[in-house]
Amino acid sequence: SQRTLVLLKPDAVRRGLTGEIISRIERKAGWRITALELRTLDQDTLEQHYGEHKGKPFYEPLVEFMASGPVVAMIVEGERVIEGLRQLAGPTDPIAAAPGSIRGDYGVIVRENLIHASDSEESSAREIKIFFPGRA
Ligand code: GTP
Ligand code: MG
């Protein structure tokens, strides 16, 4: 099976939606949360995590937003969990995300789109190393 790195972003924590989002993940058959921590991300961690977007116009406000309050960082394990969590989250722009997806149900703003989930096996391995180095 696969592992993926999930972040419930500061907007999800501030709005009290973490329980709701975690419930959706837990209900998927066979998926398990194997690490979970509430933490405020520092600049260095965010630069590593979102390095691919450095130089893009949305990068600076994205990092500022991601450091604006605690996130819930998780490792989720299970069958096809990388693709599955991207599907559960919905597209980056919440207005383009279908109702029923996390972003489609709760989001409006592209930046404040509630959840991050690794987009490939390669990203997952890289991101788990950043957030849970002991579990890499
Ligand atoms: P993550 O799971 O957070 O990585 O989202 P993603 O994979 O759906 O999107 P991507 O990696 O392309 O972008 C990372 C994050 O930057 C997004 O989740 C948004 O919060 C933000 N972002 C991406 N594109 C834009 C954009 O065009 N405008 C703004 N304001 N924010 C963006
Ligand atoms: Mg991404």
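Order of appearance sets the numbers: ligands from 1, and atoms from 1 within every ligand. Just the heavy atoms: all of them, side chains too, but no hydrogens, waters or symmetry mates, feed the values below.
- Ion pairing between R126 and E122 fails under the 4.0 Å rule for side-chain N and carboxylate O.
- Linking ILVMFWY side-chain heavy atoms closer than 4.5 Å, directly or via other members, places V6 and V13 in a single hydrophobic cluster.
- Among F58, Y59, F65, the residue whose heavy atom lies closest to atom 29 (C) of ligand 1 is F58.
- Less than 4.0 angstrom separates some heavy atom of N113 from each of these atoms of ligand 1: 17 (C), 18 (O), 19 (C), 20 (O).
- Both the backbone and the side chain of V110 come within contact range of ligand 1, each with a heavy atom under 4.0 Å.
- Looking only at protein heavy atoms, the nearest one to atom 7 (O) of ligand 1 is R86 NH1, 2.9 Å.
- Contacts between P57 and ligand 1 below 4.0 angstrom, taking non-hydrogen atoms only, are absent altogether.
- Ligand 1 has at least one atom lying under 4.0 Å from a heavy atom of K9.
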task = May I have the step-by-step check of side-chain contact (heavy atoms from CB on, under 4.5 Å) for I115 and L7, ending in yes or no?
result = CA-CA 6 Å; I115 184 168; L7 301 174; over 6 Å; no

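- Neither the backbone nor the side chain of M66 has any atom closer than 4.0 Å to an atom of ligand 1 (non-hydrogen atoms only).
- Closest heavy-atom approach to atom 6 (P) of ligand 1 among the candidates L5, T92, V6: T92.
- Proximity to Y50 (heavy-atom distance under 4.0 Å) selects the following atoms of ligand 1: 1 (P), 3 (O), 4 (O), 14 (C).
- The pair D93-R111 does not meet the salt-bridge criterion, since no charged nitrogen lies less than 4.0 angstrom from a carboxylate oxygen.
- Heavy-atom proximity to R111, at under 4.0 Å, picks out these atoms of ligand 1: 20 (O), 30 (N).
- Once rounded to the nearest 0.5 Å, the distance linking NZ of K28 with CG of L85 reads 8.5 Å.
- Salt bridge present: E83 and R80 bring a charged side-chain N and a carboxylate O closer than 4.0 Å.
- Contacts of L62 with ligand 1, taken as heavy-atom pairs under 4.0 Å, involve the side chain alone.
- Contacts of H53 with ligand 1, taken as heavy-atom pairs under 4.0 Å, involve the side chain alone.
- Inclusion of E112 in the set of residues having an N or O under 3.5 Å from an N or O of ligand 1 is not warranted.
- Judged purely by distance below 3.5 Å, without hydrogens or angles, the side chains of R3 and T34 never pair a donor atom with an acceptor atom.
- For the pair D119 and ligand 1, the shortest N or O to N or O distance does not fall below 3.5 Å.
- The closest donor-acceptor contact from the side chain of S118 to the backbone of L5 lies under 3.5 Å.
- Close approach to A117 involves these atoms of ligand 1, each under 4.0 Å from a residue heavy atom: 2 (O).
- Side-chain heavy-atom separations under 4.5 angstrom define the hydrophobic clusters, and V110 shares its cluster with no other residue.
- Of the candidates H49, H116, R103, it is R103 that places a heavy atom closest to atom 5 (O) of ligand 1.
- Checked by atom type, the side-chain pair E77/S1 shows no donor-acceptor distance below 3.5 Å.
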